[in-house]
Amino acid sequence: MTMTQHDFLKTDLANARLVLVEMGRLERQLTSWMAEMIEIDANIFEKLQTAWVERYRTDISHHCGITQQPLLDNISKNHMPLEACMMTDLLNIGPLPVPPEWFRRYASEEVSHTLGFAISKLYATSSRLSATAALYAPKSGMLEYLRSFKSSRTSLPDEKWFEQALKDYDNTFRDFPSLYWLAREIALRENPETPLDLMDGRLEFWQVPDKPRPSQKILARFLAKLAEPNGQHELDFARCFLHEHRQFSLLHRTYFGLLGTLPLYRAAILPRFVALLNLMLTKAGSPSKAAEIILHTPQPYSFRYGRPQDSGIMRLGKIGPLRTKFPSTPKHVKKPSPYGCTLTESEVSEHIATGCLWMIAAARQPSDLDWLLEHSASALQNEFVADFNRLVSTIGEIGTAEGVRGLVRLRSKLRHATMLSHLNATLALTAAAMGLTTVEAEELVAQDYGLDTHHRRKEALTDDFAVVLSITGSGQAVIHYEDNNGTVSNKLPAAVRNATGCETILRNARSDAKQLSADMSTHRQRLEGSWLTGQTWSWKAFEERWLRHPVLGWLARRMIWMIAEPDGTIKTCLIRDDGTLCGPDGKEIPSLPPEALLSLWHPLHSKNQKTITQWRGTLEHLKVTQPIRQAWRETYTITQAEQESSPASYRYARRILSQAQVVEVGRQKQWRIRTLTGHLPSSESAPWSLRIPAHGIYADLRTGGVGEHFTPDGSLVFSYVMTDRIRFCVLQDEGDWQYDGGRKLKETTTPVRLGSVDPIVFSEVMRDVDLMVSVAARNIPFDPGTLLSIPDLAEWRRHDGLGDIQCSAEPHFGNLAQSRREIIESLLPELGAGDAVTLEKRHVLVKGKRYHYRIHLGSGDVMVIPQQRQIVIPDKKTTAAQNKLSDYQPLHDDERLNSILQKITMLLRDDRIRDQTILDQLNALDASGT
């Protein structure tokens with residue numbers, strides 16, 4: 001559909017302009033008179049109304065026999081004639097400015113004598129148009145009429161509005177034809193006088209139920225349409241509409257639907273407006289008379305109240321629900337309201353984006369995946385929950401490997417519980433259609449990025465230089481440059497960079513490196529989760545899916561695996577780059593039979609510390625940095641106190657945490673966490689939970705809000721949360737969580753004794769909580785006699801004084817900090833410091849050349865002793881000391897540990913420090929004589 005303003009008859013446009021010019025001239029006369037009146041008294045029109053009501057109250061009461069005061073006031077005010085504003089004797093303030101002639105003539109013509117006294121009927125019978133003019137009788141009353149005009153600016157469409165509407169009409173047809181089609185249909189169907197033959201029946205075709213996933217019936221309907229001769233045309237329309245809708249949304253924020261945005265409104269309403277002006281001109285016979293007709297009844301054409309002053313959105317006649325083109329069906333469906341009234345809902349709606357998505361889902365064309373994933377990422381970023389869920393369902397219906405890969409990448413960025421739940425269910429359904437579990441599908445569609453068996457990709461830039469993409473550290477993808485001799489360089493010569501096609505290759509390499517790093521994070525998270533899902537692999541399947549895959553293989557060769565052989569033998573092994581296996585002592589072990597089962601080894605799988613110690617030594621000897629903490633993993637076992645308090649553990653109870661930090665960390669660990677707000681007391685009773693369907697349980701942590709504050713958008717949230725007990729409860733599965741994404745999981749309130757929980761599951765849950773507490777803990781002083789005695793967590797936020805609590809700088813010291821102590825102890829021989837470095841329970845003591853220092857293992861804070869003076873050493877200042885340490889770091893994901901090691905190295909040689917900010921702090925100690 002292509003139209004321009006030239007499709008209008010030139011005479012129609014010219015006539016419309018003539019009428020608008022006359023409207024502007026007459027309206028300026030009226031607004032000038034109103035301004036003169038207001039100069040006499042700012043409230044003159046209200047005072048005229050009051051005086052008129054007082055004068056005629058007795059006459060109206062006497063004539064009609066009305067004695068009820070509210071009814072008497074209503075009749076008096078709402079039926080005040082326009083002539084009253086020209087009654088100079090009402091206020092006794094002398095002669096008033098004379099209004100325009102056309103207004104005086106109209107005011108005298110509109111008077112009638114219903115009820116035996118003068119009331120307004122607002123426009124003369126001779127000026128009325130037929131019902132096809134889309135007019136309606138506005139409310140009567142002088143003030144109501146005058147409110148349609150503004151003394152400061154015009155309130156009716158003028159030539160400027162008309163010219164802008166013509167531009168919008170052209171631009172919309174050119175840039176957003178599908179959106180214009182819908183906007184035009186809305187404008188037509190909102191008008192009760194629109195003939196049925198002017199409506200496009202395609203709008204009914206795009207109507208679908210407002211649900212996040214299409215039904216088979218809906219998909220069958222769209223498939224039938226695709227099979228028709230014009231099916232491809234409808235599919236193209238669906239694509240265009242979704243692209244235009246997203247592009248238009250980026251340009252214009254819509255709050256009142258499509259017709260609430262100015263360009264679309266003006267473009268859609270212009271044909272009707274031009275036709276209406278020409279009809280008035282035909283009826284009236286001259287532009288001035290047609291302009292007077294509009295000024296007699298200005299409400300249908302004045303800009304809507306409540307909109308921005310320059311919105312330019314008119315009422316333009318009656319506005320009703322969207323009408324259906326097929327009158328044989330009921331116009332409205334009724335539904336009950338919780339407030340006891342009946343609501344009506346139109347059969348057709350302007351929201352056709354869902355129907356367009358289901359059309360694309362029915363077509364199942366892989367070429368749509370790229371832009372669908374792009375739209376999904378945008379909806380995720382803005383947390384448009386409904387849009388995101390429908391886009392994800394469409395991607396799932398297409399059901400290709402690329403679609404599964406895209407959904408997995410989206411999941412790695414998700415923090416919203418509802419969106420995450422829907423995406424997981426969609427992933428499971430898509431995988432089940434392939435005959436796989438979600439995990440199996442994710443493994444099979446893992447992208448290899450063109451890496452070779454050495455986990456590298458080399459692309460020639462010129463005859464002499466190449467760019468290399470590889471994996472390093474804990475799974476970070478990096479690029480570097482090599483010449484023909486294999487010499488590595490981090491910077492390209494200018495001649496190479498400017499070579500033809502070089503920039504394109506480099507841009508693609510950088511993009512792949514960024515995506516590969518994100519994919520590796522997802523693979524690590526999925527593999528780490530296997531301790532809770534209980535996933536195992538046969539050796540044959542593991543070789544095919546992991547070891548032969550250049551990306552997954554890199555990850556698999558850095559982890560320790562537990563092997564269960566067919567004869568019942570259990571052992572652990574590390575898979576070397578050459579494919580051979582080695583045991584905890586580093587010695588080679590025989591190859592495995594295809595039937596052997598592999599699972600990720602956990603330190604709690606070993607009954608004694610010897611195996612763990614052996615693996616740590618072997619990893620250090622082989623210089624293997626594990627992408628997932630394994631040999632050095634923190635473990636947690638049930639204490640005697642927890643045995644007595646079972647089924648609840650109070651190990652991390654009564655800790656006050658920064659809510660923003662703990663929510664972020666918890667959601668990254670897949671916990672379902674609801675932000676606690678002052679507006680939703682019920683949210684305080686919803687525990688944070690982690691579902692573990694493989695074991696039929698879920699963990700929950702009770703919390704309560706502490707210290708309310710307002711966010712910039714006016715929302716009331718808690719600054720802190722206080723923790724209570726942790727417990728495990730029965731999780732029922734009425735389906736199969738491996739294939740349906742956990743859609744039928746049901747959390748019960750039946751607790752499980754702590755001793756009955758799998759030790760590894762217990763340890764991993766406690767590790768998650770320890771991490772959340774370590775990162776977000778705030779040791780806030782409180783009165784145990786008052787705060788801790790309150791049994792109901794929902795009452796905490798009502799406790800006086802919690803809004804002004806002060807935070808302590810002392811961090812939580814948990815098992816994470818304890819693991820740092822063990823690692824530093826093992827690395828002390830490399831430092832060669834002798835007794836200059838010693839370990840306490842929570843601190844490292846360093847004897848420098850100038851002072852002695854104590855470093856906290858939890859926070860990394862440095863204190864000079866015995867002066868007890870804290871000095872601040874930013875992490876960026878410790879990089880210079882990094883070359884003093886071994887390149888091997890057993891824990892890739894503990895930046896705090898690396899910072900502590902580097903501070904130790906720096907402070908051992910504190911007489912060589914050259915950084916001025918640190919020297920100033922040390923020199924201050926010298927000056928104070930301490």
Side-chain angles (χ1 to χ4, degrees), residues 18-56 59-60 76-129 135 137-158 280-281 283-302:
L18 287 175
V19 175
L20 287 173
V21 169
E22 287 298 313
M23 281 175 54
R25 183 178 67 84
L26 298 179
E27 184 183 10
R28 283 191 293 273
Q29 294 176 2
L30 183 61
T31 54
S32 296
W33 169 74
M34 292 170 60
E36 292 177 8
M37 294 283 285
I38 292 174
E39 284 183 4
I40 297 174
D41 190 310
N43 299 315
I44 191 168
F45 293 111
E46 288 79 4
K47 291 181 178 180
L48 282 170
Q49 175 174 272
T50 302
W52 184 88
V53 168
E54 291 297 328
R55 174 176 295 186
Y56 289 95
D59 294 342
I60 295 171
S76 302
K77 293 179 180 179
N78 289 345
H79 296 278
M80 179 180 177
L82 293 181
E83 281 191 323
C85 63
M86 291 175 275
M87 296 178 181
T88 57
D89 59 333
L90 284 176
L91 297 180
N92 296 320
I93 57 177
L96 297 175
V98 179
E101 179 183 354
W102 70 266
F103 178 74
R104 284 182 285 140
R105 184 173 64 252
Y106 169 58
S108 62
E109 290 175 354
E110 61 89 30
V111 173
S112 67
H113 294 280
T114 306
L115 299 180
F117 59 94
I119 65 170
S120 169
K121 64 180 181 182
L122 279 189
Y123 57 91
T125 303
S126 60
S127 300
R128 295 182 187 177
L129 301 177
L135 299 177
K139 292 181 179 180
S140 57
M142 182 194 70
L143 290 181
E144 180 68 21
Y145 177 81
L146 294 180
R147 285 194 188 102
S148 299
F149 303 92
K150 313 292 184 186
S151 59
S152 60
R153 57 175 294 279
T154 178
S155 66
L156 298 180
D158 53 15
M280 289 183 173
L281 183 59
K283 294 280 186 178
S286 69
S288 60
K289 290 294 184 182
E292 284 188 28
I293 292 174
I294 295 178
L295 295 177
H296 291 171
T297 57
Q299 285 85 355
Y301 318 102
S302 58

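These numbers were taken from a predicted model, which means no experiment stands behind them.
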side-chain hydrogen bond (donor to acceptor under 3.5 Å, both in side chains) partners of residues 34-44, not counting sequence neighbours, each pair once |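 Applying side-chain hydrogen bond (donor to acceptor under 3.5 Å, both in side chains) to every pair that reaches into residues 34-44, excluding sequence neighbours, yields D41-K47.
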Find the distance between [atom1] ([X]) and [atom2] ([Y]) and round it off to the nearest 0.5 Å.
X: L26; Y: T31; atom1: CG; atom2: OG1; result: 10.5 Å
X: L20; Y: D158; atom1: CG; atom2: CG; result: 7.5 Å
X: I294; Y: E22; atom1: CD1; atom2: CD; result: 11.0 Å
X: M280; Y: E292; atom1: CE; atom2: CD; result: 12.5 Å
X: M37; Y: F45; atom1: CE; atom2: CZ; result: 4.5 Å

Decide, yes or no, whether a salt bridge links R104 with E101 under the criterion of side-chain N to carboxylate O below 4.0 Å.
->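 Between E101 and R104 there is no salt bridge, as every charged N stays at least 4.0 Å from the carboxylate O atoms.
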Would you mind listing every ring-ring contact (aromatic ring centres under 6.0 Å, His included) that reaches into residues 84-104, with sequence neighbours excluded?
->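 Checked against ring-ring contact (aromatic ring centres under 6.0 Å, His included) - neighbours excluded - the pairs reaching residues 84-104 are W33-F103.
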Any non-hydrogen side-chain atom of [X] less than 4.5 Å from a side-chain atom of [Y]?
X: L91; Y: L96; answer: no
X: P99; Y: L30; answer: no
X: L295; Y: L156; answer: yes

Listed partners of S286 passing side-chain contact (heavy atoms from CB on, under 4.5 Å), at least two apart |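 If we apply the side-chain contact (heavy atoms from CB on, under 4.5 Å) test to S286, skipping adjacent residues, the hits are S288, K289.
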Nearest atoms (heavy-atom pairs only) where [X] meets [Y]:
X: A51; Y: L90; value: CB-O, 3.7 Å
X: S148; Y: P298; value: CB-CG, 3.5 Å
X: L48; Y: C85; value: CD1-CA, 3.7 Å
X: M23; Y: P157; value: CE-O, 3.7 Å

